[in-house]
Amino acid sequence: MTVLDEIEAEIPSLRRYARALVRDADAADDLVQDCLERAVRRRSQWRRSGPVKAWLFRILLNCFRDGRRRDGRGLRVVGGEDAADVAAPGGQEVHLALREVHDAMARLPDDQRAALLLVALEGMTLAEAATVLSVKTDTLASRLARARASLRVMTGRNGATGSGGKKESRID
Amino acid sequence: MTERDPIDAEALIRMRHTGSDEADHLLNLSADPVVRETLDDWDRQDATLQALYGSVTDEPVPERLRTVIDEAAAHRALGSVFARLAAAVVLLAIGGAAGWGTARLLAPGVPEADLAELAVRAHETYTPEIVHPVEVPAERHDHLAAWLSNRVGMKITLPDLQAEGYRLLGGRIVPDEHGVAALLMYEDSGGKRMTLYIASEPGAEETGFRYASNDGISSVWWYEDGLGCAIVADLPRDRLKALGIVAYEQLTAL
């Protein structure tokens, strides 16, 4: 497989992650396109020192951050994709849960949402996600703990390990 | 906040996302109801996120994303080959009665080199195809010749290069600078392919054979009777020249 083949193989995952991150299908594909263009230009720089997936996700997140800087408030989409369109078994209760979580994710700060999606949606380990985000695993663990706690609070599951009722999510 | 929070949460996160079977096993053993409830909740969070966004990977990949990859792959073939072709062009003049002539250097960027560039690009595009390298196979000889002649706008005879060890696979039309060119593909007994690119070039000055080669791809091209022709292959110069002469003679016959 050539590098280009390996990059191409990751396009579905990149699209999935981008869709969850920016919550709008077109904006997500814009982000993936930027990422691919950058990756393809720099592909000779990827020395196979790790999996191509991690390298690509790092580029995607850099593009995301660059976009945020450029656009001021950036790619935060209010509303965006309607989670109620997602088909789910189990009927109405599951429906609500999907909706709640989708809305709650929007209210997480970008870095928490980005981190949580790497482990929860993309199934990365702490070490892999830390590499992608260029942070220490301790930093990441703390960020994930906050994200998950916020999510619990926002979806009304304020259990014993919640943050004592204080809403952690900030709306910038 | 309780004493156990947030330190426990972070430790739990670390164990849960280590990706090791041992860590998973230890977590499963925990009898602490708070830990259990927390872990269950995190499982639900993950399941919900996967339900929300997981189906994106089932969608067909949009064309604009595939294009990024495809263009990069094409560039690799074209950019590297042609840039080097343009940098190393040698002219072989084949006079009539005067016999084989002098070699002289053509400056890069010379107009005739456009023909070679297009021919090389077509060669690189279609010779890797396994299932459908040509659009009309050689078995439909008359139809192929008629179709190509019609599209290119001049009578084209399909050169028979069997005596040179090349059998015709078939052909197709490709875009040319001013319209349409014919691309004929040949293959030797070892499966190595060679292409003959034929474009209509009314008013082009007749030239002797021009030759360029770099890094495994070589081309011989010439202008005659309103056609511009180029042979592209990974072959030594003499071989290409020999093929060029046979093709030239057959194309100008009749």
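We name chains A, B, ... by the order of the sequence lines, and we start the count at 1 in each one.
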Checklist outcome for this item: So, the part of A:V32 with a heavy atom under 4.5 Å from chain B: the answer is both

Item to check | Part of A:D34 within contact of chain B (heavy atom distance under 4.5 Å) | outcome: neither

Checklist entry - Salt bridge check: are A:E10 and A:R15 linked by an N-O gap of less than 4.0 Å? => result no

Checklist entry - Would you find more than 12 non-hydrogen atoms of other residues, nucleotides or ligands less than 6.0 Å from B:R151 atom CZ? => result no

Checklist entry - Is it the case that A:H102 and B:Y53 place a side-chain donor and acceptor less than 3.5 Å from each other? => result yes

Item to check | Donor on one side chain, acceptor on other, A:R146 and A:S150, under 3.5 Å | outcome: no

Checklist outcome for this item: Checked A:A141, A:A28, A:A129, A:A127 vs chain B; the most non-hydrogen pairs under 4.5 Å come from A:A141

Item to check | For chain A, the option from B:L65, B:T67, B:V68 that forms the most heavy-atom pairs under 4.5 Å | outcome: B:L65

Checklist entry - Short question: side chain of B:T57, backbone of B:G54 - any donor-acceptor pair under 3.5 Å? => result yes

Next on the checklist: Quick check on B:T18 against chain A: is it the side chain, the backbone, both or neither that has a heavy atom closer than 4.5 Å?
Outcome noted: backbone

Checklist entry - Which bit of B:P33 comes within less than 4.5 Å of chain A, counting heavy atoms only: side chain, backbone, both or neither? => result neither

Item to check | Salt-bridge present (B:R66, A:E8; N to O < 4.0 Å) | outcome: no

Item to check | B:K192 side chain vs B:D234 backbone, donor-acceptor pair below 3.5 Å | outcome: yes

Item to check | Residue among A:S13, A:A20, A:A39 with most heavy-atom pairs under 4.5 Å to chain B | outcome: A:A20

Checklist outcome for this item: Looking only at A:T137, A:I7, A:L36, the option with the highest number of non-hydrogen pairs under 4.5 Å against chain B is A:L36

Next on the checklist: With a 4.5 angstrom heavy-atom cut-off, is it the side chain or the backbone of A:L144 that approaches chain B, or both, or neither?
Outcome noted: both

Item to check | Interface residue of largest heavy-atom contact number with chain B, from A:Q33, A:R148, A:R16, under 4.5 Å | outcome: A:R148

Checklist entry - For A:L140, is it the side chain, the backbone, both, or neither that has a heavy atom closer than 4.5 Å to a heavy atom of chain B? => result neither

Checklist entry - With distance as the sole test, does B:R36 use its side chain to make a donor-acceptor pair with the main-chain N or O of B:A31 at under 3.5 Å? => result no

